[in-house]
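Some notes on the structure that comes next.
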Amino acid sequence: MSHWPDPPRRGGGGFTTGDPGAAGAPRPRARSTGRSVGDGRARATGPEWRIDPARADDRSPRPTRGGSPAGRATQAGRATQAGRATQAGRATQAGRATQAGRATQAGRATQAGRATQAGRATQAGRATQAGRAAQAGRAAQAGRAASGTRPPSRTPQAPNPPGWLGRAWNGLTGIGHPARRQNIVRVAVALALALFAGRLVQLQVIDGPAVAAEGQQNRMVTTVQPAERGQIVTADGTVLATDVARYEIQANPKVITAKDGAGEFIGPGPAALAEALAPLVGLDQAELEADLGLSDQTWVPLVRHATQQQWDQVSQLVEGYIAKGIDPGVYASKHYVRAYPAGTLAGNLVGYQYETEQLEGVKQYTGLEDELGEHLAGKAGRIETEVGGNQQPIPGGKVVSDPAEPGCDVHLTIDSTLQYEAQQLIDAQVAKTKARGGMVVAIDIPTGEILVLADSGAPDPAKPTGAMNSRALETIFEPGSIGKVVTMAMLLEEGVATPLSQYSVPSQLTLGGQTFVDSSSHGTYSLTLTGVLAKSSNVGTLLAAQSTADQTRYDYLKKFGFGEPTGVELPEAVGVVHQPGVYPAHDGDPYWDGRTAYNVLFGQGLTVNALQATEVFATLGNGGAHIAPRLVKGWTCGEGEFEAAPAAAAAPVVSQATAAQLVQMMEQAVESGTGTSAKVEGYRTAGKTGTSQMFEDGGQFYVGSFVGLLPAESPRVAIGVYIVDPKAEGYYGGTVAAPVFEQVAASAVDRLGVPPSTTPPSALPLEW
């Protein structure tokens with residue numbers, strides 16, 4: 001009788017059979033076709049497929065021993081080879097008996113005569129066979145032959161869901177198995193390690209540079225490096241304003257009071273440092289020690305504006321500590337303060353630097369300091385330093401430096417020597433005449449450069465006392481008789497008169513119902529137009545110009561710059577020239593009423609400033625062409641060369657012939673008229689006196705003035721002198737202003753190197 005090949009032996013689980021030689025060992029039961037084998041019965045029904053109970057999750061069927069195609073029935077109770085046992089109805093090698101007396105693996109039959117304990121847990125936590133109890137010496141029930149019954153099997157289980165759901169279910173239901181638990185732990189550990197590794201790669205490789213840069217940036221401390229402001233210097237190089245380095249000395253008490261593990265000072269200690277530092281910075285030692293002992297502070301200001309000398313001494317002290325390996329915790333930041341080494345020289349022009357309580361630490365400026373700020377201000381720099389937790393620089397740490405760029409040095413047109421002399425002279429004259437103040441203006445005619453713009457009582461920018469702008473630009477007054485030169489230019493240019501035109505001039509005249517008088521009563525003069533100007537006759541001027549139209553008079557005033565800004569690089573009060581018949585007065589009448597239309601011919605009914613008035617004479621001295629005055633000659637930036645400011649173009653106002661004739665007429669005003677005190681020895685001098693009014697602080701004052709040119713044959717400089725509200729020595733311009741003109745003019749031609757005149761003055765007659 002043939003059999004199925006023996007199935008492979010399983011290392012654990014399944015059914016356990018006893019040794020076939022053992023007494024009482026049950027025999028396996030097999031089915032055959034009506035034939036009984038031993039105690040068992042079988043029916044020839046063909047091979048039977050059963051599921052190995054030990055491999056419940058193995059769905060592949062296996063054939064049982066005993067079936068044959070010819071209806072052969074296997075002998076269910078046939079003894080297997082010595083020690084071999086079959087599983088219930090299934091021939092496996094799992095129950096193969098080992099040598100006698102040798103212990104088998106879990107579920108293997110023990111020595112003959114000993115019963116195995118069916119259902120004992122096998123290797124790797126394999127489930128025991130439920131309900132099987134093996135007693136010592138009892139035959140294993142795995143192959144027990146029971147008529148008409150099957151070997152006991154595991155509790156039926158519901159089939160697992162198919163596909164991925166089934167695999168997941170198997171994983172969950174088998175989690176109690178040690179091998180599965182180990183696998184799960186391994187997978188979890190692997191996932192965790194992979195996660196950590198991925199994060200590490202992200203931090204080190206992907207995000208590493210950015211994270212490192214962010215960390216370093218958080219350690220960077222930025223210190224602003226202030227830019228050195230440019231200097232303001234005169235045309236001849238005198239420094240009017242400059243920046244001076246100052247140091248804000250600071251201390252870090254946490255460093256100063258630092259101690260080691262034994263409680264000894266690592267830093268210098270507040271007492272020792274205060275004793276050494278106090279005399280260098282001029283501070284009280286006890287107070288300084290208290291400040292240095294504030295161990296919870298990292299920054300304490302000591303001196304805000306220490307000088308270079310003070311910081312040099314402190315830095316020597318600091319270097320001494322460092323040489324001993326001690327950080328003294330004392331540092332300094334550099335800044336600049338504005339200094340004005342020339343004192344009051346041009347102090348009315350320079351302005352000053354200041355701070356307000358509302359904007360503490362924000363520097364503000366007046367005067368040229370403010371107006372020229374675009375050139376003077378530099379570009380601040382910065383230094384970024386990598387610091388540690390105590391805010392101290394890390395040795396060898398990152399340092400990023402962006403150096404500051406200094407501002408440009410601005411060169412003025414002012415001549416320091418002439419400016420100084422003019423200030424001295426005007427101060428002296430104001431004191432002598434007990435005047436409210438005085439002003440001096442000098443213009444280089446060919447270039448329009450302002451050589452002198454002086455005020456009496458010039459302020460010191462280092463000691464500001466409020467408003468300090470130039471009175472020569474911000475004080476407006478009626479020009480008075482100096483305005484007559486505009487009328488004379490109009491008459492000559494329009495062909496209404498010539499220098500020799502003749503007029504019978506009484507001391508008073510009534511026109512349009514208005515009466516006008518000269519400055520003093522006199523009989524009827526027989527004056528030429530030159531004589532009218534030289535003697536400054538109001539009546540003679542009206543007689544010569546009474547036929548001109550109001551609009552023509554207005555146009556010439558505007559062409560000579562009255563009522564127009566000069567364009568100089570400082571704030572100014574422009575003055576007012578009303579347009580005839582346009583603007584109603586407060587009483588509803590036109591501004592140019594019956595009197596104003598005539599007053600403007602001799603410098604009343606309009607206002608100007610000192611620079612505007614002097615500018616008229618500079619235009620005549622320049623052949624009738626106007627050049628806008630300027631205060632800035634140029635600038636020097638960095639280490640570059642001097643760059644000249646663009647020169648203003650000349651704008652013709654009157655013809656050269658008219659200008660030349662008028663200069664000759666004004667020369668007679670100095671030679672034989674009201675301005676004899678203005679004559680400069682050795683030079684032909686042309687000019688005009690003026691006595692006018694101004695209104696200030698609710699009062700009305702006289703202004704005595706003289707404006708002139710020299711040398712008259714080829715004018716180089718125009719100078720104007722103005723004395724406000726003189727109370728002694730008279731108030732006429734020829735008396736109070738002309739003498740100052742003479743002194744300033746003499747210095748000017750000498751300073752400019754103008755040679756003396758070689759031709760005699762003009763011989764235009766004053767009378768006919």
Side-chain angles (χ1 to χ4, degrees), residues 234-236 238 345-346 413-433 435 438-447 449-456 458 472 482 610-611 613-615 617-618 620-622 629 663-664 666-690 704-723 726 729 732-762:
T234 63
D236 51 333
T238 300
L345 180 66
T413 60
I414 296 295
D415 183 284
S416 62
T417 300
L418 291 180
Q419 179 77 18
Y420 176 79
E421 291 186 7
Q423 288 184 198
Q424 298 301 308
L425 290 169
I426 197 66
D427 282 341
Q429 188 68 355
V430 165
K432 181 179 179 180
T433 59
M439 302 158 284
V440 179
V441 179
I443 300 174
D444 183 54
I445 293 173
T447 63
E449 295 179 354
I450 300 173
L451 304 176
V452 174
L453 197 60
D455 296 336
S456 61
I482 59 176
L611 180 58
T614 309
E615 192 180 354
F617 289 76
L620 294 172
N622 196 45
V663 169
Q664 290 179 348
M666 289 191 294
E667 191 175 6
Q668 290 304 308
V670 175
E671 290 291 328
S672 308
T674 57
T676 55
S677 298
K679 183 174 176 59
V680 178
E681 187 66 30
Y683 293 86
R684 291 172 57 182
T685 307
K688 182 68 185 77
T689 58
S705 58
F706 185 92
V707 187
L709 310 168
L710 74 164
E713 69 275 18
S714 180
R716 172 63 192 277
V717 61
I719 300 172
V721 178
Y722 308 87
I723 307 297
E729 307 292 328
Y732 293 111
T735 303
V736 297
V740 178
F741 171 90
E742 185 274 330
Q743 293 174 297
V744 174
S747 295
V749 292
D750 179 64
R751 182 70 176 166
L752 296 173
V754 178
S757 299
T758 58
T759 58
S762 65

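Computed from heavy atoms alone, side chains included, the values below leave out hydrogens, waters and symmetry copies. As the structure is a prediction and not an experimental result, all values here were calculated from the model.
- Checked against side-chain hydrogen bond (donor to acceptor under 3.5 Å, both in side chains), T614 has the following partners two or more places apart in sequence or in another chain: Y722.
- Under the side chain to side chain contact (heavy atoms under 4.5 Å, CB included) criterion, V663 pairs with M666, A686, L709, A712, not counting sequence neighbours.
- Within the structure, salt bridge (Lys or Arg N to Asp or Glu O under 4.0 Å) contacts touching residues 415-430 (residues at least two apart or in different chains) are D415-R751.
- F617 is linked by a ring pair (Phe, Tyr, Trp, His ring centres under 6.0 Å) to nothing, counting only residues two or more places apart in sequence or in another chain.
- Partners of T238 by side-chain hydrogen bond (donor to acceptor under 3.5 Å, both in side chains), not counting sequence neighbours, listed by chain and number: S416.
- Not a single donor-acceptor pair under 3.5 Å links the side chain of Q668 to the backbone N or O of G673.
- Between V736 and E729, the closest heavy-atom pair is CG1-O, 3.7 Å.
- Looking at residues two or more places apart in sequence or on another chain, you find a side-chain hydrogen bond (donor to acceptor under 3.5 Å, both in side chains) between T234 and D236.
- Sorted by first and then second residue, the salt bridge (Lys or Arg N to Asp or Glu O under 4.0 Å) pairs involving residues 704-713 (not counting sequence neighbours) are R684-E713.
- For D444, the salt bridge (Lys or Arg N to Asp or Glu O under 4.0 Å) partners are R716, not counting sequence neighbours.
- Checked by atom type and distance alone, the side chain of S762 pairs as donor or acceptor with a backbone atom of Q664 at under 3.5 Å.
- Checked against side chain to side chain contact (heavy atoms under 4.5 Å, CB included), A678 has the following partners two or more places apart in sequence or in another chain: F706, A738, F741.
- Checked against side-chain hydrogen bond (donor to acceptor under 3.5 Å, both in side chains), E742 has no partners two or more places apart in sequence or in another chain.
- Counting only distance, with no hydrogens or angles, the side chain of S456 and the backbone of G438 share a donor-acceptor pair below 3.5 Å.
- With sequence neighbours left out, the side chain to side chain contact (heavy atoms under 4.5 Å, CB included) criterion links E615 to T566, H626, P629.
- The two residues V452 and I450 make their nearest non-hydrogen contact at O-CG2, 3.3 Å.
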